Amino acid sequence: MNTTRREFFLGSAAALAAAPSPAADALTRPRRLIASAPVLMNPAEQTMDVAFAVNGDASGWVEVATNPDMSDAVRVHSGDGPVMRVNGTFAAVRLSGLRPATRYWYRIGADRIELENEYKPWNRGSEADGTVHSFTTLGAESSGSFCVIQDTHGVAPVVDAVLSKIAELKPAAIIWNGDVRNFYRTADDAIGVFIRPHPNHLAYAAETPVMFLNGNHDYRGRFALHLDDLMLFRNPRERAAEYAALGRNFVQRLGDIALIGLDTGEDKQDTNPRMGGIFRMKAYRELQTRWLAEAVESPAVKTAKFKVAFCHIPLYDPDPKENPGDVLPDDDDPRYRYPWAAWQRTCANMWGPLFAKAGVNFVCTGHQHRYRLDQPGPGRPWTHLIGGSCDVIEGKVVDGKLRVTVHDCKNKTVSTLLHG
Ligand SMILES: [Fe+2]
Ligand SMILES: [Fe+2]
């Protein structure tokens, strides 16, 4: 909406004449509709998703442009179905048709929707957040580093520490490798960790996109069953129709690095009575194996100088006391320390040969809450890294080599590994 200078002053004068006291104003003024900074998600060559919190029923939108003055901005609303997607607590918008390795500028806004009754919906108008942010799409021509975090579990000092390090490192993408929270009862639980994770980091992902991979905990709770409403599954165009269920898996190029995302699922058997018979992780892991077999043959992987895979549960453990996650029916076996998976032997057996064939250099995992480095071994020609809760694993191509640096944000130590 354009307001002339004269209208602006007239409006200001009228507003001043009728101005209520500040206290009364605070009581009567509608709450701002937009309730957070944007969080970029699911970066790809042609896609970027944007989520943010709202106060009240709204259809969120994003205006995206190829220049910082936003002169060619195009507005994209939440949802691509026949009706605007309206939600009382958050908005999630998919931007598609973008160019690879290209910088875009964007700002967010929302239409306030009032559903007076089933026959009377009202669009009460737009509210814009004036801040212009930017992002860069991924692709073989893109550049920069990736950072991996894991097992933050919503613990405020941990979140503060790892997001402070990420703010300092300014990666091109954040791989949030699972166990972001213990469980999700409501949408607010998810908003509290993904959209407003810490008051010191209100715009932590407004310019750095998040690539979220589920940990076992991210499957727990009523809202966990709907987490993809907020943390959208990746664009279905990224995969063949038979892999439609694999909304978290990705193969994306960040310059010379192929990033490969996998989901190890729950840390208990589908048959474990504690899981209520509602999980289908066995079939899900097998479907991912078929997807991975094709993915490693794709040009994006084959032409990449370096390959790094990510999943939450480790794919190796040298300690025979650690439960390998394949104990039927209920994970309980006196040989093992705990009745749940400390590592995922089934996934290792299915995915490991494909990683070896593809020449994967590093596999980054979490779940055990303690850093560990496993050098390559027989049948396992990749370096296996387990990040702890306070670790940020940074990967970047420097002087033709893949440099992986582990930043321990608790003890303030750094260790560096090179490949290539
Ligand atoms: Fe964890
Ligand atoms: Fe975990």
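Numbering of ligands and ligand atoms starts at 1, following listing order. Just so you know, these numbers come straight off a predicted model, no measurement behind them.
By the 30° and 60° cut-offs, the orientation of the rings of Phe194 relative to Phe212 is perpendicular. Using cut-offs of 30° and 60° on the angle between ring planes, the pair Trp340 and Tyr338 is parallel.
Taking 4.0 Å as the cut-off between side-chain N and carboxylate O, Lys120 and Glu114 do not count as a salt-bridged pair.
Look at His312 and the Fe ion (ligand 2): an N/O/S atom of the residue is under 2.8 Å from the metal. In summary, an N, O or S atom of His153 is located under 2.8 Å from the Fe ion (ligand 1). Here Asn216 reaches the Fe ion (ligand 2): one of its N/O/S atoms is less than 2.8 Å from the metal. Residue contacts to the Fe ion (ligand 1): His367 brings no N, O or S atom closer than 2.8 Å.
Nearest N/O/S atom of Asp179 relative to the Fe ion (ligand 1): this is OD2. Counting just the N/O/S atoms of Asp151, the one with the shortest distance to the Fe ion (ligand 1) is named OD1.
For the pair Arg248 and Phe250, the cation-pi test (distance below 6.0 Å, angle within 45°) is failed.
Looking only at side-chain heavy atoms (C-beta outward), Asp263 and Tyr219 come within less than 4.5 Å of each other.
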